[in-house]
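Worksheet: the structure to be examined is printed underneath.
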Amino acid sequence: MKNKYSIFSLIKNAFSQHENWKQAWGNPEPKKEYEAVIIGGGGHGLATAYYLAKKHNMKNIAVLEKGWIGGGNTGRNTTIIRSNYLWDASAGLYDHALKIWENLSQELNYNIMFSQRGVMNLAHNLQDVRDLKRRTHANRLNGIDAVWLDTKQVKEFCPIINISQDIRYPVLGGTLQRRAGTARHDAVAWGYARGADAMGVDIIQNCEVKGIKRNGDHVEGLDTTKGFIKTKKIGVVAAGHSSVIANMAGLKLPLESKPLQALVSEPVKPIIDTVVMSNAVHAYVSQSDKGELVIGAGTDAYISYTQRGSHDVVEGTLKAILELYPIFSRMKMLRQWGGIVDICPDASPIISKTNIKGLYFNCGWGTGGFKATPGSGDLFAHTIANDEPHKLNAAFNLNRFVSGDLVDEHGAAAVAH
Amino acid sequence: MFVINCPYCGERDQSEFSCGGEAHIVRPKQPTELSDDEWAEYLFMRKNIKGVQFERWNHAHGCRKWFNMVRDTSNDKIHAVYKMGEKPPVI
């Protein structure tokens, strides 16, 4: 890499008051033709381009982004990373990602602030206890670290939790994945963008795709706001807008797009050093390095592309947060936002070829795509380069909705949506 | 979040309602004759439109009746509400 970040480059640039740092990635105009084009400059799209260039030697490629990179769901999620999913296919997919996360800062030469602070999932009723215990057993059979904690151990791990058995949804225990944690979401997009750019990938921002040109059963190129781009391979990583792009190619997907909300509080001193999630009461919380509580709320129960979300959803989440953590009762919330998530009927993603040659989709991540960013990019790059899925994403094909071989992960989505 | 004009109860908060998704998906008349592709189309494939969409809603915390609605999903503006069985309006 040309401009390697290190203690020496930091010292060198200190002498020029840090005014001569080179741009981390370029701002090129699109070429007339590319070997492959990725639609969507979020974490997943940029990671796909990075691995296409790095592992499959496809350097003449472009990433098209409607707005600015990392400005969609990559910059709107609650940054939680874990791999404690129930089924073998999901365990393989998400743990593949987690293993890449563990060395990603070094690989990208970019500090993504990956912090393995643990993720705890709470049980509030007998069925939760049974489901979560079953999930810890399934996780361990798949080589994923998971332990069951009783109520007392939950309190020891996160002392601010209210474990009174008199509350509406008392804490009956929980599971803990210690390798899980958080990362800095913007840095993930920026790190991959810088890495891809250094290998020659064109990252083209403010370029919206308006149409996909097909010739019979294969793709020929894209109409964009910056003109026509010829290409034989298109990888779509457009999250909430996947159906909109699919429609341009005359395809229908099994997706519904809904606003998912999150919010942060005013910054406070360190109070919670892990991530706690609760499915039954629909609340999860962690604390950012800036000191803000990062709180995830639910989705609106209807299709919408408004990037807002309803107030009653936030109210419901905060009620649950206050019952579990009475200490937060006087905290002020600072910001609230919504992102549009594309939800699959089985709560699992699609990383797949389509029946149109050269058109590939990576979508359906629903409410939990951030955690999979590196693995998703790696496997999607493999699928595009070889025109065949990797064995880890073979189960996540589009055809599963025809064959009925679904990967039902509603239970392992950390909160019900 | 918006206000919905229930055809039976009048204007109420959206949080009183639940959404039943895309409207006018016709239930197969002869399910035994359907191919796997047709089942997938019926069960899972959705238009998921960004723009004007026809959808079903239920006044879950009110009269509990189902009805249809035309809404623009890009700005949540409601264009029309009509009862089940009525012809969809031209928008």
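Letters A, B, ... are given to chains in the order of the sequence lines, protein chains preceding strands, and every chain is numbered from 1. Just so you know, these numbers come straight off a predicted model, no measurement behind them.
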Part of B:Ile49 lying under 4.5 Å from any heavy atom of chain A: backbone

Donor-acceptor under 3.5 Å (B:Arg71 side chain, A:Ile303 main chain): yes

Answer with side chain, backbone, both or neither: which region of B:Asp76 has an atom nearer than 4.5 Å to a non-hydrogen atom of chain A? both

Sub-4.5 Å side-chain heavy-atom contact between A:Ser257 and B:Lys50: no

Look at the rings of B:Trp57 and A:Tyr302 and say which category their plane angle falls in: under 30° parallel, 30 to 60° tilted, over 60° perpendicular. tilted

Per-residue tally against chain B (heavy atom, under 4.5 Å) across A:Asp342, A:Val313, A:Leu255, A:Ile340 peaks at A:Leu255

Contacting moiety of B:Glu38, where chain A heavy atoms sit under 4.5 Å: neither

Closest approach of B:Met45 and A:Lys252, non-hydrogen atoms and distance? SD-O, 3.6 Å

Heavy-atom distances under 4.5 Å only: say whether A:Asn247 touches chain B with side chain, backbone, both or neither. neither

Where is the tightest heavy-atom contact between B:Cys19 and A:Ala301, given as atom of each residue plus distance? CB-O, 3.3 Å

Check each atom of B:Phe17 against the heavy atoms of chain A and say whether the ones under 4.5 Å are side chain, backbone, both or neither. neither

Any idea which heavy atoms bring B:Asn48 and A:Tyr305 closest together, and the distance? O-OH, 2.6 Å

Would you call A:Glu256 and B:Glu22 a side-chain contact if the rule is heavy atoms closer than 4.5 Å? no

Of B:Ser35, B:Ser18, B:Gly51, B:Ala40, the largest count of non-hydrogen pairs under 4.5 angstrom with chain A goes to B:Ala40

Would you mind checking which part of A:Leu253 comes under 4.5 Å of any heavy atom in chain B, side chain (CB onward), backbone (N, CA, C, O), both or neither? backbone

Answer yes or no: is there a side-chain heavy-atom contact under 4.5 Å between B:Phe2 and A:Thr306? no

Proximity breakdown for A:Leu251 and chain B, heavy-atom pairs closer than 4.5 Å: neither

Atom NZ of B:Lys77 with >12 non-hydrogen neighbours under 6.0 angstrom: no

